[in-house]
Amino acid sequence: MISIEADLRQRCALAIGRAFGAQHAAGVIVKAGDPKFADYQCNSAMALGKSLGLAPRQVAAQIVEHLSVSDICEPPTIAGPGFINFRLTTAHIGRTLEAIAAEPQALARAGVAKSAHRQTVVVDYAGPNIAKEMHVGHLRSSIIGDAISRILEFLGHTVVRQNHVGDFGTQFGMLIRHAQDMKLADGALAPIEDLDAYYKQASQRDKTDPQFALEARRAVVDLQNGQSQAVELWQQIRRESRRHAQEIFQRLGLKLTEADDRGESFYAGRLPNLVEQIKNTLEVGGVGSQTALREPLGRDGAPADFSHLPAIDQLEAAGALQSPQATERVADAQLPSPVVKPFAAISQGALCVFLPGYEDKDKKPFPLIIQKGDGAFLYATTDLAALHFRIMEDKQRPEDQLPLHASWHADRLIYTTDARQAQHFSMVFDTARAMRWHVHPETGHLVDMIYAPFGSMLGADGKPFKTRSGESVKLRELLDHAEALAGRVVTEKNPSLPEAQRHHIAAAVGIGAIKYADLKQDRTGDYEFVWERILALDGNTGPYLQYAYTRICSIFRKAGAMDAAPARLDLIEPAEINLARHLLKFADAVDAAARDLKPHHICTYIYELSGFFSAFYEQCPVLKAPQPATVSSRLILCRVTAAVLQVGLRDLLGIAVLDEM
RNA sequence: GCGCUCGUAGCUCAAUUGGAUAGAGCGUCGGACUACGAAUCCGAAGGUUGCAGGUUCGACUCCUGCCGGGCGCACCA
């Protein structure tokens, strides 16, 4: 089954093409209508009336005349300024659901077809730092990124999850220096709690002791150059951190394994060459500058318009920049301002990329630093290296091919990271465009580089979610707390269940509640983490939806043999029809979530669905219906509702469903 | 200062990307358990969508200017 919205859109486009010519058939607007008027509506007649110089209602009438929808809809009606309203026939709704229920494969997908245009999509999420316990700062990226991955995968895309672990940055210098002073024996730092405390000590010294800080920076350079004697220590820390992260990921139910780990250190060997490439290409007067810069590109891949900027000759300074050594002589005061095309230069000792549109508070060009004055690389460098790897590089070695076990090139990159990194990624993407690293090496298509940011987790006071002492809350403790609270409720509501099962339920409910609370909101906003609200049993919460699912399971447990025979679906009661109609809109919700990379569309849909199911449940007895045919008919509705909840909650949002709770 | 972002019912949030009379939950008030799980359901009250202009058949949505909150702005990630 394809989305009905998409189906009607096609049919309307066809009708418009027949009525007015194919050139008018693009950009047809079909969307779910207000239930009072229609299931779906086409709103193209108004705009079309404008461009054709005809009365919108007349346009609508002509569209309807050329429309062929009688197999799924009542005759379309025209309303208001020119809305074309569609009402699905109950016969079509019934047939479609019958078919889904009868076909195990369709049921397992709740009737949702795979996408026609499949891509290889990299989703970059989680990305914890090693040597530190995972804390709430990693929670949203992990949950949202995982849901986005699941949704795209469900639609048939090849998803490459990438856990861009922070394992090679500045913080390691501190750790190594501190370790040297402490003369730690191998294995002395096993548990992650030790590492965490140890990290804090090192961080403290780094802030207060300039000499220590200096030596720490030097230790990073050595590590990145492979000249460190601390590699063994680093490996040890890394192992323990990965073990800890995997434990958390498993508890959270993320589909993130060690095969998806590709830490910053993975790119270490590539960095010097990469930096050299950028320098050669973007240096003013450099080898690639003419081709790379003749057509500067905007953020969305279209040629950027810099016509509003003063016409500064971008090569004016080039006379002083012909030789490599001259790069050093770009005096900061003489940086062209504003920047009209990307270029690389040494500024204040660091190798930088300057891009149009970025200025600091003094209106001076603001750089993306790709190599520090002391020679160390930093996150912009590894992010660029990762981007290049994901799009451009042919993967030959088995470790490069992970997690797919074959060479791959991304068609799309998605970064699920904190909204505060917006400018960073914007600059990384612009740099990649300047380097033409966003051109797929095989297809020549431009690769979408999408930043999917999310807001902060706030406490009930509206300030960042922290412990009373001002530290970030550890994920392990957060999850423990959620499970304990959920466990209390389970024991209270259902004391007769065996303890092991109560334990299992508590984990599913506690973790599910946290995930659902995060996913149900539009990710771009901040959200308030308040325990009472998250673990509430009613309203739009995880526990409520899990409960709705268990109620259906309970019906099937009691149905027994009644459920055996294949059956017809007869939609008679309004509650039946409303439920059935909404079941068919699941594909639209999944499409919306995939389009916006916003899982909350699925949450909203599922919650509405449980509302329709509740009405049905109250008004239409299933097992105690008077006629056997009614029983089996209603069991079909239960069957498909359960399937949608299961696919939505478990497969797409990554929230466990339970037969009993 | 510049940039990004947000402002919708008392509170927490939706609104299918410009569509019809802006919807939910919580809270409040009032109802429903001798019918499939009451971790439930039904009903009621609650709005000048921060303010002021503009664009058009139509604006919570787009543009401009204010007001207010958050975040970012050179070698941390």
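Chain letters run A, B, ... following the sequence lines, proteins first, then strands; residues in each count from 1. Not measured: the values here are computed from a predicted model.
- Separating the P atom of B/A44 from that of B/C26 is a span of 15 Å, rounded to the nearest Å.
- Residue A/Cys620 is in base contact, counting any heavy-atom pair closer than 4.0 Å across all strands shown.
- Per the geometry, CG belonging to A/Leu458 stands 16 Å off P belonging to B/G69, to the nearest Å.
- For the salt bridge (Lys or Arg N to Asp or Glu O under 4.0 Å) with A/Asp167, the qualifying choice from A/Arg262, A/Lys132, A/Arg238 is A/Arg238, the only one to do so.
- Annotation: B/C33 and B/U40 have their C1' atoms spaced 10 Å apart (nearest Å).
- Comment: A/Arg9 engages A/Glu5 in a salt bridge, judged by a side-chain N to carboxylate O separation of less than 4.0 angstrom.
- Nucleotides B/A38 and B/C42 are separated by 13 Å at their C1' atoms, to the nearest Å.
- Ion pairing between a basic and an acidic side chain is recognised when a charged N comes within 4.0 Å of a carboxylate O; A/Arg140 and A/Asp526 show no such pairing.
- Residues from residues 80-88 of chain A with heavy atoms under 4.0 angstrom of RNA chain B, sorted by number: A/Pro81, A/Phe83, A/Asn85.
- For the pair A/Ile4 CD1 and B/U16 C1', the interatomic distance rounds to 14 Å; values are reported in whole Å.
- With both ends at atom C1', the span from B/U49 to B/A9 equals 10 Å, rounded to whole Å.
- Between A/Phe425 atom CZ and B/G72 atom P the separation is 15 Å, expressed in whole Å.
- With sequence neighbours excluded, the residues that form a side chain to side chain contact (heavy atoms under 4.5 Å, CB included) with A/Glu608 are A/His582, A/Thr604.
- In RNA chain B, runs of at least 3 stacked Watson-Crick or G-U pairs (N1-N3 plus N6-O4 or O6-N4, or N1-O2 plus O6-N3, all under 3.5 Å) give these stems: B:1-5 with B:69-73, B:10-13 with B:23-26, B:28-32 with B:40-44, B:50-54 with B:62-66.
- Counting any heavy atom pair closer than 4.0 Å across all strands shown, A/Gly169 reaches sugar-phosphate atoms only and no base atom.
- Taking atom P on both B/C60 and B/U55, the two are 16 Å apart, rounded to the nearest angstrom.
- Here the P atom of nucleotide B/G23 and the CZ atom of A/Phe612 are 14 Å apart, to the nearest Å.
- A/Asp526 has its CG atom 11 Å from the P atom of B/C6, to the nearest Å.
- Protein atom NE2 of A/His600 is 6 Å distant from nucleotide atom P of B/A14, rounded to whole Å.
- By the side chain to side chain donor-acceptor pair (under 3.5 Å) test, A/Asp196 pairs with A/Lys200, sequence neighbours left out.
- Counting any heavy atom pair closer than 4.0 Å across all strands shown, A/Arg217 reaches sugar-phosphate atoms only and no base atom.
- A/Ala592 comes within contact range of no nucleotide atom at all, as no heavy-atom separation falls under 4.0 Å.
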- Heavy-atom protein contacts under 4.0 Å, nucleotides 38-45 of chain B, coded B base, S sugar-phosphate only, - none: SBSS----
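- Applying the side chain to side chain donor-acceptor pair (under 3.5 Å) test to A/Glu528 and every residue at least two apart in sequence or in another chain returns nothing.
- Residue A/Tyr617 is tested with A/Ile555, A/Thr641, A/Leu579 for a side chain to side chain contact (heavy atoms under 4.5 Å, CB included); the sole match is A/Ile555.
- Rounded to whole Å, the P atom of B/U34 lies 29 Å from the corresponding atom of B/A45.
- For A/Gln521, counting side-chain heavy atoms from C-beta on, the closest listed nucleotide (B/G25, B/A77, B/C13) is B/C13.
- Residue-level contact check: A/Glu660 touches the bases, meaning some heavy atom is under 4.0 Å from a base atom.
- Here A/Leu378 lies in heavy-atom contact (under 4.0 Å) with sugar-phosphate atoms only.
- As a whole-Å value, the separation of A/Asp461 CG from B/C11 P is 16 Å.
- Taking the C1' atoms as reference points, B/G19 lies 13 Å from B/U56, given to the whole Å.
- Between A/Asp596 atom CG and B/U17 atom P there is a gap of 9 Å when expressed in whole angstrom units.
- Under 4.0 Å is where a charged nitrogen must lie from a carboxylate oxygen, and between A/Asp374 and A/Arg218 no such pair does.
- A/Phe37 qualifies as a stacking partner of the B/A20 base, centre to centre under 5.5 Å and near-parallel within 30°.
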